[in-house]
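Letters A, B, ... mirror the listed sequences (proteins, then strands); counts begin at 1.
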2 protein chains.
Amino acid sequence: MSTQILEAQAGRITPEMEFVAQQERLDPERVRQEVARGRMVIPANRVHLEKGLQPIGIGVAARCKVNANIGNSAVTSDLEGELEKLRTAIRWGADTVMDLSTGRDIDRIREAIIDASPVPVGTVPIYQVVEELDGHIEEMTPQQFLDMVEHQARQGVDYMTIHAGVKLEHLHLTVNRVTGIVSRGGSLMAAWMMAHRKQNPLYTHFDDLCDIMRQYDVTWSLGDGLRPGSIADASDAAQFAELEVLGELTRRARQRGCQVMVEGPGHIPMDQIEMNVRRQQELCDEAPFYVLGPLVTDIAPGYDHIASAIGAAMAGWYGVAMLCYITPKEHLGLPDAEDVKQGLIAYRIAAHAADVARKRPGAQDRDDALSRARFAFDWNEQFRLAIDPEHARRLHDETLPQEYFKSAHFCSMCGPRYCSMNISQQIRDMAQQGQLVTLGSAGEQSDSET
Amino acid sequence: MSTQILEAQAGRITPEMEFVAQQERLDPERVRQEVARGRMVIPANRVHLEKGLQPIGIGVAARCKVNANIGNSAVTSDLEGELEKLRTAIRWGADTVMDLSTGRDIDRIREAIIDASPVPVGTVPIYQVVEELDGHIEEMTPQQFLDMVEHQARQGVDYMTIHAGVKLEHLHLTVNRVTGIVSRGGSLMAAWMMAHRKQNPLYTHFDDLCDIMRQYDVTWSLGDGLRPGSIADASDAAQFAELEVLGELTRRARQRGCQVMVEGPGHIPMDQIEMNVRRQQELCDEAPFYVLGPLVTDIAPGYDHIASAIGAAMAGWYGVAMLCYITPKEHLGLPDAEDVKQGLIAYRIAAHAADVARKRPGAQDRDDALSRARFAFDWNEQFRLAIDPEHARRLHDETLPQEYFKSAHFCSMCGPRYCSMNISQQIRDMAQQGQLVTLGSAGEQSDSET
């Protein structure tokens, strides 16, 4: 069986590449080139494609993408709740979803999500392994993990986060961290390595894993098991030691015909974000970078969607290909559907701002259309173009007396008397009547007089 | 009467400079130097000082500050509502407030705000002038404006936004803009100039204004009447033509013994923010830059506090001294107390992230303390250190079953089985027992075996 990258390298443009090219306003040949060199991935498991997946391209040449994590945990949520989160995520513009379920019913929830999802679905297979082992990660055999990856690939999972880059010799680098290891997958592999005193089996069996992934064209998402969990730990030796391994694994996976993206932090102060992106691009041969946030401060639990949207927008501008959203519940609890919405809105803003700053084709069109509607006092058009039309309309209606609504050529911020838009219109009228040209020279004369 | 800048230039450290130095963990002599060269302002009207103002320093050497705009409009709000907004603003960390009232009772509201406010209060005097003229700005005489500035200075206003930089010869530069002139003050001056076909009287009477400001040590906030109101209009000829005039006025005000800061946009795509900050620093001889947002996209009405917190954080990192917050109501209506809170939280996050990225003294301490509490599962300490303790606690309690609460060494995101923090603790224990050192070498041997 072939994969997108193998097809691209053979010079063939697949239907998925065609589809992506159309979505992104790119030439299909350009998409093929990006996929061939590994700078763009199209996570599209052939099983999910048959079930109606609409492929997307993730890479610096394409629009900045947003992933929404959903999934239940051992202490909360159920199938219907997860499907509601999926619908919410799609409604608010998730480009991919990750099902991070860890509790009971893990297979049933995943199948339902894949069946219902038009967007690529990602997973972290180690969660189901440890669930089946009733929490005893140390009992895992490498074969069990391989079997789990095959099982989930058969279900139609489009990309998988696998923490193959955390190595035994890295663990001591985390000892003096403020927050140790914060990746669940990373810490599970650490626990396994400590119990066995052996190298990470996902690293030692990497080629076998590649062979399974290739069969279904499951895209690698190389997990960053040692990502920093606090500003204090950002850009430390542990993080970058793992990143080097991820670069090595990127090359090995590509050599075996697999598509690869690379995951990144997490918590990074603003002054280190560009350096982190550049370093990943160099070490991982431009593989699409998929970052979690990053949070630019640790002091905002309850508002981490905002604290991280700042870092995410900057990362997207610097060239990150996909942003994993963070919801207001981050660090506090499992997000519900409303949290999913709030996280996605913050991240759609971040990703769009990145597209505008990178001048991606057509990115600014919606900004300009909304601004034109704003200048023309076309409230309905402003609401229609807004990222959340109902919310914008509600806030507007809250403060403006009903009789003015809709046709009002002002809003409650300023009232009619101070409306700068009205005055701007008068300036235009003067200019059209040819009266503004003379003003420039008048300025010179009247200076210091009036 | 003297001013902070005159005292500083004479080599004297005022009690206000002492106070600022203590707050900022800076040497008093350093504060004096910054004030003397005009890179820091201490907006402290002597009248407000007598009423209990706690002075702050605004400048690149100090913590990044946040201003909250409050004030009623012609169509909504009243005195008690404005005082509630003031209390909300102070509670959530506003470093200054601007009273932008434009409706009835403008004097009574301002006096009540100044009496009640421990933080500097700013105004835009032209709003009251046009109120008294019943909207007929063209009837304003220069003397009326001078009298209004003196009137408000006597009330104790600490800094005033005055749009003296919009000149007659700039107006035609706005004609082809998508959103024209969006500054209320700027458009009022444009209307005056068009009616009279004469130069901006605030420009022609600038020296007279300086003389009034100096009497009370009211700090100039040179308004940016031609700031862009959309991404499309960012960094255009009109904006930068005015900025050059603001540079000229900065020098003139300093020569007359006044403190000066300079206002900036507004709407700027991420890739232009650094250039905008550098340009202001050059043209305005490093006068503290005080920016509104900036918004990095126009598509998020209802969430503009988030869309602008991205730009604000970046601006702060690049060296902006004060951020004017934007609430969720921006572009839609007049903010209420809850909007004030949401705007301030987004901007405290942005300003703090800027302080961390600039490595200001002690800025990261709170991040580190919260991260340590996080690693230690000290939930109460995490809530205490959070930017909004009650909100963080509520989100946490929402999803975690009650019996676990407070003492739980995990949260509902992962449950106990997947808690990476617990595993990290085990790694530490191993390291303390000297068992981790051997792991590095074991890694080499077991590679490709397990």
Side-chain angles (χ1 to χ4, degrees), chain A residues 73-75 135 168-169 172 175 178-181 184 187 191 197-199 201 204 230-232 269-271 296-298 300-302 307 310 313 317 332-334 349 353 356-357 367-368 371 375 386-387 391-392 395-396 399 412 415 417-418 420 423-424 431 436 440 442-443 446-448 450, chain B residues 73-75 135 168-169 172 175 178-181 184 187 191 197-199 201 204 230-232 269-271 296-298 300-302 307 310 313 317 332-334 349 353 356-357 367-368 371 375 386-387 391-392 395-396 399 412 415 417-418 420 423-424 431 436 440 442-443 446-448 450:
Chain A
S73 83
V75 277
L168 195 51
E169 55 270 40
H172 76 276
V175 170
V178 169
T179 43
I181 299 178
R184 281 188 272 179
S187 62
R197 310 203 162 212
K198 283 186 178 170
Q199 190 53 283
T204 54
S230 55
I231 294 293
M270 279 193 286
D271 57 308
V296 295
T297 170
D298 300 328
I310 294 168
W317 170 39
L332 295 170
L334 196 73
I349 290 170
V356 167
D367 298 76
D368 295 349
S371 296
F375 190 72
I387 202 160
H391 181 66
L395 292 199
H396 173 271
T399 47
S412 70
R417 180 169 291 175
Y418 303 91
S420 64
I423 294 175
S424 295
L436 207 58
S446 62
D447 202 330
S448 85
T450 35
Chain B
S73 83
V75 277
L168 194 54
E169 53 270 42
H172 75 277
V175 170
V178 169
T179 43
I181 299 179
R184 280 187 273 177
S187 61
R197 309 203 162 210
K198 285 186 179 171
Q199 190 54 281
T204 54
S230 55
I231 294 293
M270 280 194 287
D271 58 309
V296 295
T297 171
D298 301 327
I310 293 167
W317 170 41
L332 296 170
L334 195 74
I349 290 170
V356 167
D367 297 77
D368 295 350
S371 296
F375 190 73
I387 201 159
H391 180 67
L395 292 198
H396 174 271
T399 48
S412 68
R417 181 169 289 174
Y418 303 90
S420 63
I423 293 174
S424 295
L436 207 57
S446 62
D447 201 330
S448 84
T450 36

Mind ranking [options] by heavy-atom pairs under 4.5 Å with chain A and telling me who comes out on top?
| options | result |
| --- | --- |
| B:I231, B:T179, B:D368, B:V296 | B:T179 |
| B:G180, B:A357, B:A232, B:A386 | B:A357 |
| B:I387, B:I310, B:D367, B:V356 | B:D367 |
| B:P269, B:A392, B:A300 | B:A392 |

Search all heavy atoms of B:I423 against all heavy atoms of A:S187 and return the closest pair with its distance.
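Closest pair (atom of B:I423, atom of A:S187, distance): CG2-O, 3.2 Å.
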
Can you name the nearest heavy-atom pair linking B:S371 to A:V178, along with the distance?
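Distance-wise, the nearest heavy atoms are CB-CG1, 3.7 Å.
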
Could you tell me the separation between the CG atom of A:L168 and the CZ atom of A:R197, rounded to the nearest 0.5 Å?
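A:L168 atom CG to A:R197 atom CZ measures 9.5 Å (nearest 0.5 Å).
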
Ignoring hydrogens and geometry, is there a side-chain-to-backbone donor-acceptor pair from B:T297 to A:A353 under 3.5 Å?
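No, B:T297 side chain to A:A353 backbone: no donor-acceptor pair under 3.5 Å.
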
